[in-house]
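Below is one structure, written out as structure tokens, with a few remarks after it.
Lettering of chains follows the sequences in order, A, B, ..., and the numbering in each one begins at 1.
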Number of protein chains: 2
Amino acid sequence: MSGPAGTASSAVRLAAETWESLFRSQVAVMRKLQSGPAFKTLPVKEYDVLFTLSRCPSGQLRLNEINDKVLLSQSSLSRLVDRLEKRGLVERTTAPDDGRGVLLALTEAGSELQKSIGREHVRDIATLVAPALTADEQRELLRLTEKLRASVAGH
Amino acid sequence: MSGPAGTASSAVRLAAETWESLFRSQVAVMRKLQSGPAFKTLPVKEYDVLFTLSRCPSGQLRLNEINDKVLLSQSSLSRLVDRLEKRGLVERTTAPDDGRGVLLALTEAGSELQKSIGREHVRDIATLVAPALTADEQRELLRLTEKLRASVAGH
DNA sequence: CACTGATACATGCAAATGCATCTAGTTTGA
DNA sequence: TCAAACTAGATGCATTTGCATGTATCAGTG
């Protein structure tokens, strides 16, 4: 180890406590959000897929791209998409440049439902987050979590 | 609405983007962590219960207290504890002051396993978090997420 | 071009999850 | 004091999840 005695272990401890706190805050917020009326018609994870598609400029995403954003196994996502497709909220298309791939796109109904739930969802989020942190603190939290995410994603 | 036009809506947007970033970073980190070899012997959620018990000064927690920390329904936690109990990692006891309640405590084997997985888990966390954020940034992230959690938990 | 290995997604099946409900213990209030 | 309302946790059952594997396509090598 480098540095004075105890330095390495306290760095490890700080990282662990930081993650623990991030994780618990996520649990606390998510618990409140998913119990709200916005998700009576559609589970949060299914909404999340609709949301991700709605944010995408091209309007289409590969399943494996979506899988990076969501905490679900590949097979679970495949079946989640089955359910969305059965409800007419999304459409599967074979990727033009890769015969193995599947492109997913929102249908009109899917887009409507996403917007409808999204409006309420966003209000719920603000109700939880705005009283907890100042705007500056929110911006800092946004910056730090984005930095963490980018670093972790890039191995 | 108060303030100049647009203020309220941009406050809502900031809160939503902050939450989104927090959530995605949690997904990215958790995905890496749970795919590591530390969780071959025990799923993350089950480890989390052992960990929570290990942190508790009295060594015992009520099921409903544990349920606040974990993103699981009451019934799922009940059965998760069944599995831990079947493996001899925890013990259920009727709460002395409330006949409805159940106190959960680690067994010796449970404590051993938690420590063993915990050591590796903590190293994995540090490997992800330390290269991503400076110590000061980690402390700030810890502070902000703890503030958020506390605010949300207190309604 | 055939062949080997890798990638993207689907599917069979066992396990985990959540909703609704049940049981039992506790608190409330008339 | 006692019935009604409430709370903690367990359980039946249908849905969701993940692991292992299957199928189809792609990429690289001789």
Side-chain angles (χ1 to χ4, degrees), chain A residues 27 30-50 52-53 56 60-87 89-105, chain B residues 27 30-50 52-53 56 60-87 89-105:
Chain A
V27 168
M30 182 59 89
R31 183 177 281 287
K32 295 276 182 183
L33 288 175
Q34 75 186 164
S35 69
F39 297 107
K40 287 293 176 191
T41 47
L42 199 73
V44 182
K45 285 170 179 173
E46 301 190 11
Y47 168 77
D48 196 19
V49 169
L50 300 190
T52 301
L53 284 169
C56 162
Q60 304 196 124
L61 282 173
R62 291 282 296 268
L63 290 191
N64 57 2
E65 294 178 298
I66 297 174
N67 222 146
D68 290 337
K69 303 226 167 200
V70 190
L71 200 54
L72 272 178
S73 70
Q74 179 269 318
S75 62
S76 295
L77 177 62
S78 179
R79 287 198 245 247
L80 188 155
V81 169
D82 286 348
R83 295 193 295 272
L84 292 176
E85 203 175 25
K86 230 157 260 165
R87 286 181 63 171
L89 302 172
V90 299
E91 263 173 355
R92 270 192 250 240
T93 321
T94 305
D97 57 326
D98 185 342
R100 300 165 298 178
V102 169
L103 284 172
L104 203 65
Chain B
V27 168
M30 181 58 89
R31 184 177 279 287
K32 296 276 182 183
L33 289 175
Q34 76 186 163
S35 70
F39 297 106
K40 287 294 177 189
T41 47
L42 198 74
V44 183
K45 284 170 180 174
E46 301 189 10
Y47 169 77
D48 196 18
V49 170
L50 300 190
T52 301
L53 284 170
C56 162
Q60 304 198 123
L61 281 174
R62 290 283 296 267
L63 291 190
N64 57 1
E65 294 177 299
I66 297 174
N67 222 146
D68 289 339
K69 303 227 168 200
V70 191
L71 201 55
L72 274 177
S73 69
Q74 179 269 318
S75 62
S76 296
L77 176 62
S78 178
R79 286 198 246 249
L80 188 155
V81 170
D82 286 348
R83 296 193 294 274
L84 292 176
E85 203 175 23
K86 229 158 260 164
R87 287 180 63 170
L89 302 173
V90 299
E91 264 174 353
R92 272 192 249 241
T93 321
T94 305
D97 57 326
D98 186 341
R100 299 166 298 179
V102 168
L103 283 172
L104 202 65

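To the nearest angstrom, P of dT25(D) lies 17 Å from CG of N64(A). Put simply, CZ on R31(A) is 12 Å from C1' on dG18(C), counting in whole angstrom units. Distance CD (E65(B)) to C1' (dA8(D)): 12 Å, rounded to an integer number of Å. Distance CD (Q74(B)) to P (dC22(C)): 15 Å, rounded to an integer number of Å. One atom, CG of L84(A), and another, P of dA10(C), lie 13 Å apart when rounded to the nearest Å. Across the protein-nucleic acid pair, L63(A) atom CG and dT7(C) atom P stand 17 Å apart, rounded to whole Å. As rounded to whole Å, 13 Å separates atom C1' of dA8(D) from atom CG of D68(B). Counting to the nearest Å, the C1' atom of dA8(C) and the CD1 atom of I66(A) are 13 Å from each other.
Among the protein residues, L77(B) comes within range of no part of the nucleic acid, since none of its heavy atoms lies under 4.0 Å from any strand.
Comparing K45(A) and L103(B) by the nucleotide of DNA chain D whose heavy atom lies nearest to each, the residue mapping closer to the 5' end is L103(B). Residue-to-nucleotide proximity on DNA chain D shows that, of R79(A) and D98(B), the 5′-proximal contact is made by D98(B). Checking R62(A) against S76(B), the closest nucleotide of DNA chain C that is more toward the 5' end is the one next to R62(A).
Put simply, the side chain of L103(B) reaches to within 4.5 Å of the side chain of R62(B), judged on heavy atoms. Side-chain atoms of L63(A) and R92(A), non-hydrogen and from C-beta on, do get closer than 4.5 Å to each other. Proximity of Q34(B) to L71(A): side-chain heavy atoms (C-beta onward) are separated by under 4.5 Å at one or more points. Contact annotation: the side chain of L53(B) approaches that of I66(B) to within less than 4.5 Å [non-hydrogen atoms, C-beta and beyond].
Around the CD atom of E65(B), the shell of radius 6.0 Å holds more than 12 heavy atoms that belong to other residues, nucleotides or ligands.
Remark: the R100(B) side chain and the dT26(C) base include no donor-acceptor N/O pair separated by less than 3.5 Å. For dC9(C), its base never sits under 3.5 Å from the side chain of S75(A) at any donor and acceptor pair.
Contact annotation: R92(B) does not reach the phosphate of dG9(D) (side-chain N/O to OP1 or OP2, under 4.0 Å). At the phosphate of dA16(C), OP1 or OP2 sits under 4.0 Å from a side-chain N or O atom of R83(B). The phosphate of dC9(C) (OP1 or OP2) has no side-chain N or O of S78(A) nearer than 4.0 angstrom.
For V102(B), whose side chain is taken as the heavy atoms from C-beta onward, the closest listed nucleotide among dT17(D), dT26(C), dA10(D) is dA10(D).
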